[in-house]
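Below is one structure, written out as structure tokens, with a few remarks after it.
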Amino acid sequence: MDSQANSVSHPNDMTLVSFVVLLLKQWKIMLACISCIMLLTLVALWLKPVKYDFATMYAVASYETLDGEREGLETPEEVIAKLENVFIEQQRRQLLEDQSVQGIPFDIEVTNPRNTLLLRIVSESSSEHQPMIEQFHDGLVSSIQQDQQQLVEGLMAGLNAQQEAYSQALEAARESSSENARELEASFFEKILQLERRIESINPGDSDQRAVQSLEPVGVGKTFILAFGGLVALLLAPLMAVFSVFVKQVAVAYRRAQ
């Protein structure tokens, strides 16, 4: 006690070694601090739900151009706009109409992988909600398909009308005896073949992957949380020891002042 009092009355005489020794004497406080923080970290790890990504891939309705490139009946950005402003909200309301569903424990994120006609619909949640996510994604895919079906039917109707017109023109050219009849016949026949290829190339929109769970959990990993908790414990423990020494010295000084 006398040595501690002397260190209080003569703070300028304290060296780094004596300060470290003074901190080491507070090992019980540091140990208690580290134990509490690590215990809280373990509780956080135990309570933290393990979440996965559930992804659905959808190819928007498309057809092949004369240049051999695939083009969407709508751009992926247009389909995403419909999803975010209409279809997702419709599915939320429809799902919440089920009295057994108290809330939707996941969000929906829709992206378009670069330079593709694909939509990636992703929900992040725990495995126990996978049936609900599958139902939600199935509803979104059905809404997109029904909406794009009208575009597909309109495109096919237009192409069939063109094909029928060229077929009639081809028959007329075959029956004609004019000099350029053979050239017209070859031209009309080529147009008909091109239209047939375009009709056959139409993809009405489909989804081969529905709410597939990611292989690894997403979000902050347990290893990171454990390492972060250990780092915080090692940083706070000396600070708590310093604070303890400070409180004790203030208490000694206060008693002397009385």
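Being a predicted model, the structure only gives us computed values, none of them experimental. Below, all heavy atoms of this structure are taken into account, side chains as well, without hydrogens, waters or symmetry copies.
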| field | Candidate pair S123 and D107, rule side-chain contact (heavy atoms from CB on, under 4.5 Å), full reasoning | value | CA-CA 6 Å; S123 298; D107 293 324; over 6 Å; no
Would you check if the side chain of [X] reaches a backbone N or O of [Y] as a donor-acceptor pair within less than 3.5 Å?
{"X": "D147", "Y": "S143", "answer": "no"}
{"X": "T41", "Y": "I37", "answer": "yes"}
{"X": "E124", "Y": "D53", "answer": "no"}
{"X": "S62", "Y": "G72", "answer": "no"}
{"X": "T65", "Y": "E69", "answer": "yes"}
{"X": "S201", "Y": "R198", "answer": "yes"}

Under 4.5 Å between side-chain heavy atoms, counting indirect links through other Ile/Leu/Val/Met/Phe/Trp/Tyr residues: same cluster for [X] and [Y] or not?
{"X": "I104", "Y": "V110", "value": "yes"}
{"X": "L95", "Y": "V122", "value": "no"}
{"X": "M156", "Y": "L193", "value": "yes"}
{"X": "L151", "Y": "L118", "value": "no"}
{"X": "M38", "Y": "L40", "value": "no"}

| message | Working note: V79 + L119, criterion side-chain contact (heavy atoms from CB on, under 4.5 Å); need CA distance, chi angles, decisive distance, verdict. | response | CA-CA 9 Å; V79 182; L119 300 181; 3.4 Å; yes
Write down the atom of [X], the atom of [Y], and the distance for their closest heavy-atom approach.
{"X": "L117", "Y": "R70", "result": "CD1-CG, 3.8 Å"}
{"X": "Q130", "Y": "A211", "result": "NE2-O, 3.6 Å"}
{"X": "D138", "Y": "R210", "result": "OD1-NH1, 2.7 Å"}
{"X": "P131", "Y": "E128", "result": "CD-O, 3.7 Å"}
{"X": "S125", "Y": "P105", "result": "OG-O, 3.6 Å"}
{"X": "V152", "Y": "L73", "result": "N-CD2, 3.6 Å"}

Interatomic spacing from [atom1] in [X] to [atom2] in [Y] - rounded to 0.5 Å:
{"X": "W27", "Y": "M30", "atom1": "CH2", "atom2": "CE", "value": "10.0 Å"}
{"X": "E78", "Y": "L83", "atom1": "CD", "atom2": "CG", "value": "12.5 Å"}
{"X": "E185", "Y": "R182", "atom1": "CD", "atom2": "CZ", "value": "5.0 Å"}
{"X": "L155", "Y": "Q148", "atom1": "CG", "atom2": "CD", "value": "11.5 Å"}
{"X": "L226", "Y": "L42", "atom1": "CG", "atom2": "CG", "value": "6.5 Å"}
{"X": "C33", "Y": "F243", "atom1": "SG", "atom2": "CZ", "value": "12.0 Å"}

| query | Any side-chain heavy atom of E74 sitting closer than 4.5 Å to one from K82? | reply | yes
| said: Any non-hydrogen side-chain atom of H137 less than 4.5 Å from a side-chain atom of I108? | reply: yes
| query | How about F54 and F106: are their ring centroids closer than 6.0 Å? | reply | no
| field | Heavy atoms of other groups near Y166 OH, more than 12 under 6.0 Å | value | no
| Is E84 atom CD crowded by more than 12 heavy atoms from other residues, nucleotides or ligands, each under 6.0 Å away? | yes
| said: Could you check whether E171 pairs with R174 (Lys NZ or Arg NE/NH1/NH2 to Asp/Glu carboxylate O, under 4.0 Å)? | reply: yes
| query | Is a salt bridge present between E109 and R120, judged by a nitrogen-to-oxygen distance below 4.0 Å? | reply | no
| Would Q145 and Q149 count as having a side-chain donor-acceptor pair, cut-off 3.5 Å? | no
| Worked verdict on S127 versus Q213 for side-chain contact (heavy atoms from CB on, under 4.5 Å) | CA-CA 8 Å; S127 299; Q213 180 177 320; 3.6 Å; yes
| field | Qualifying residue, where the test is side-chain contact (heavy atoms from CB on, under 4.5 Å) with I80 and the options are I121, T111, N112, V60 | value | N112
| message | The test is side-chain contact (heavy atoms from CB on, under 4.5 Å); show your working for I144 and Y58 and say whether it passes. | response | CA-CA 9 Å; I144 300 172; Y58 180 83; 3.4 Å; yes
